[in-house]
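Input: a single structure, listed below in structure tokens.
Heavy-atom basis, side chains included; hydrogens, waters and symmetry copies ignored. The sequence lines fix the lettering, A, B, ..., with proteins before strands; numbering per chain opens at 1. On a predicted model such as this, the values are computed, not experimentally measured, just so you know.
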Protein chains: 2
Amino acid sequence: MNKFEQLLRVNHIKVTPQRLRIVEELYGHVHMSIDELYQAIKKKFPTISLATIYKNINAMIEKGFILEVQIPNQKSKYELVKPSHSHVVCQTCGKVEDITLDLDTIAHKAANLTHYQIKEEALVLSGLCPACKAG
Amino acid sequence: MNKFEQLLRVNHIKVTPQRLRIVEELYGHVHMSIDELYQAIKKKFPTISLATIYKNINAMIEKGFILEVQIPNQKSKYELVKPSHSHVVCQTCGKVEDITLDLDTIAHKAANLTHYQIKEEALVLSGLCPACKAG
DNA sequence: ATATCATTAGAAAACAATTATCTTTTAAAT
DNA sequence: ATTTAAAAGATAATTGTTTTCTAATGATAT
């Protein structure tokens, strides 16, 4: 049993070829929109329905092993859950990268100021990637 | 000329009653979704069209004096631009609050790590507000 | 391996959100 | 006051997402 199959089983979600392809794609591409997933999977799996992508992405989000990443001026992307991290986005080419930043201090400060109990942090930094910065 | 009219003029966007009401509402409520805006404005301005809200919000975003705030599990909210700040959201009641946090250190760290030129920071912290935390 | 049962996939329709189009109205500059 | 470009409002068109229904399939117990 490979790790993708395992990922589904561990999360108590039935293993289907379509679901395996979704997690394989996300593993390979890190961040993908619904439509990118659909296009990618259709290549090797022409019969898949867009509704299947939606239903499965939503199911996986509920199970808690994939995550939606909201990005300014782009459709949301989805990624496999991994240790907490932030995202850097190029405003020109749209590229999205993971970055590990320690937000604990900031989160604590926010908790003290607002008296909220903070559970999630979503930080998206937008700017120019090295390539687009160069010209 | 009041400050809302001034805000529109400064941004070279024609002053209309509908636009004045939009910025007045946003000034009063700080964060509003398209539909909240629509419902609020319809009360005193029953003839306004939803399309007018959309067109104007988009125009104002382009002019750069209102901003979209993307929030997990909620429709986007819009706010008047003011000094850079972050947002805290209650996962139970949905309330959104502004919070001033210094992200400069983090942004610089990100720039060093990724070699991106960082231009915008969007931090959304989710959790439980004092009331919902209490039960 | 086979039968059973609940879940899923796929296709289409329904629904929701957003944008575009067109005509009438209006702001603002002459 | 007149003119003109832009905006409002109504509707249609488009896009994105969810639901519904039936056939197919994965998991479990034989």
Side-chain angles (χ1 to χ4, degrees), chain A residues 1-2 4-25 32-63 65-78, chain B residues 1-2 4-25 32-63 65-78:
Chain A
M1 165 163 24
N2 74 45
F4 301 120
E5 194 172 337
Q6 217 162 17
L7 178 64
L8 296 177
R9 288 197 199 285
V10 163
N11 286 281
H12 309 104
I13 183 173
K14 205 188 267 188
V15 177
T16 69
Q18 292 84 347
R19 285 176 176 167
L20 282 172
R21 284 223 55 75
I22 288 175
V23 295
E24 282 164 22
E25 284 290 340
M32 298 179 85
S33 68
I34 293 287
D35 204 59
E36 286 166 353
L37 262 172
Y38 182 48
Q39 298 305 331
I41 295 178
K42 258 205 309 195
K43 281 183 193 163
K44 295 202 171 181
F45 215 135
T47 73
I48 197 165
S49 159
L50 185 53
T52 299
I53 310 275
Y54 276 108
K55 281 184 286 194
N56 283 326
I57 288 292
N58 288 334
M60 293 175 189
I61 288 175
E62 256 180 47
K63 294 295 183 183
F65 67 98
I66 81 168
L67 205 67
E68 177 179 356
V69 185
Q70 290 183 309
I71 300 171
N73 311 314
Q74 281 190 42
K75 315 236 85 182
S76 284
K77 309 238 173 197
Y78 300 87
Chain B
M1 169 168 14
N2 73 45
F4 300 120
E5 193 172 337
Q6 218 162 16
L7 178 63
L8 297 177
R9 288 198 198 284
V10 163
N11 285 282
H12 307 105
I13 183 173
K14 203 188 269 187
V15 177
T16 69
Q18 293 84 351
R19 284 175 177 167
L20 282 173
R21 285 223 54 78
I22 289 175
V23 295
E24 282 165 21
E25 285 291 340
M32 299 179 84
S33 68
I34 292 287
D35 204 59
E36 286 166 352
L37 261 172
Y38 183 47
Q39 298 306 331
I41 295 179
K42 257 204 309 196
K43 281 183 193 162
K44 295 204 171 180
F45 215 135
T47 73
I48 196 164
S49 159
L50 185 53
T52 298
I53 309 274
Y54 275 108
K55 281 184 287 192
N56 283 324
I57 288 291
N58 288 335
M60 293 175 190
I61 289 173
E62 257 180 47
K63 295 296 183 180
F65 66 98
I66 81 169
L67 206 67
E68 177 179 356
V69 185
Q70 290 182 310
I71 300 172
N73 310 313
Q74 283 191 41
K75 314 237 82 183
S76 284
K77 309 238 173 199
Y78 300 87

Enumerate the residues from residues 38-51 of chain B whose closest heavy atom to DNA chain C is under 4.0 Å, giving them by residue number; use none for an empty result.
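Those residues are B:Ala51.
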
Could you tabulate the donor-acceptor pairs under 3.5 Å formed by side-chain atoms of residues 55-63 of chain A, not counting sequence neighbours?
unit_1  : atom_1 : unit_2  : atom_2 : d
A:Asn56 : OD1    : A:Arg19 : NE     : 2.7
A:Asn56 : OD1    : A:Arg19 : NH2    : 3.1
A:Asn56 : ND2    : A:Thr52 : O      : 3.1
A:Asn58 : ND2    : A:Tyr54 : O      : 3.3
A:Lys63 : NZ     : A:His12 : O      : 3.4

Do B:Lys42 and B:Ile48 come close enough that some side-chain heavy atom pair is under 4.5 Å?
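A side-chain contact exists here, since the closest heavy-atom pair is under 4.5 Å.
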
With sequence neighbours left out, write down each residue that passes side-chain contact (heavy atoms from CB on, under 4.5 Å) with A:Leu7, or none if nothing qualifies.
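Only A:Asn11, A:Val23, A:Phe65, A:Leu80 meet the side-chain contact (heavy atoms from CB on, under 4.5 Å) criterion with A:Leu7.
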
Residues within residues 55-63 of chain A bordering DNA chain D, heavy-atom distance below 4.0 Å
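Those residues whose heavy atoms fall under 4.0 Å from DNA chain D, taken from residues 55-63 of chain A in numerical order, are A:Lys55, A:Asn58.
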
Looking at DNA chain D, which of residues 10-22 of chain A put a heavy atom within less than 4.0 Å of it?
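Heavy-atom contacts with DNA chain D come from A:Lys14, A:Val15, A:Pro17.
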
Heavy atoms of chain B, cut-off under 4.0 Å: which first and last nucleotide of DNA chain C, 5' to 3', fall inside that, if you could look?
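For DNA chain C, the relevant span reads C:dA17 to C:dA28.
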
Nearest 0.5 Å please: distance from the CD atom of A:Glu25 over to the CD1 atom of A:Ile22.
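Between atom CD of A:Glu25 and atom CD1 of A:Ile22 there are 9.5 Å.
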
Nearest-0.5 Å distance that lies between atom CD in A:Gln18 and atom CD1 in A:Ile41:
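Reported value, rounded in 0.5 Å steps: 9.0 Å.
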
So what is the end-to-end bend of the helix from C:dA1-D:dT30 to C:dT30-D:dA1, with 5 pairs used at each end and the value given to 10 degrees?
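Angle reported: 40°, given to the nearest ten degrees.
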
All N/O donor-acceptor pairs, side-chain side in residues 32-40 of chain B, below 3.5 Å, sequence neighbours left out:
unit_1  : atom_1 : unit_2  : atom_2 : d
B:Ser33 : OG     : B:Glu36 : N      : 3.1
B:Glu36 : OE1    : B:Ser33 : N      : 2.9
B:Glu36 : OE1    : B:Lys77 : NZ     : 3.3
B:Glu36 : OE2    : B:Lys77 : NZ     : 3.1

List in chain and number order the residues that pass salt bridge (charged side-chain N to carboxylate O under 4.0 Å, His left out) with A:Glu24, two or more places apart in sequence or in another chain; answer none if no residue qualifies.
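Counting only residues at least two positions away or on another chain, A:Glu24 forms a salt bridge (charged side-chain N to carboxylate O under 4.0 Å, His left out) with A:Arg21.
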
Residues in side-chain hydrogen bond (donor to acceptor under 3.5 Å, both in side chains) with B:Ser76, at least two apart?
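B:Ser76 satisfies side-chain hydrogen bond (donor to acceptor under 3.5 Å, both in side chains) with B:Glu68 once adjacent residues are dropped.
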
Distance check needed: D:dT18 C1' versus A:Tyr54 OH, whole Å only.
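Rounded to whole Å, this separation is 9 Å.
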
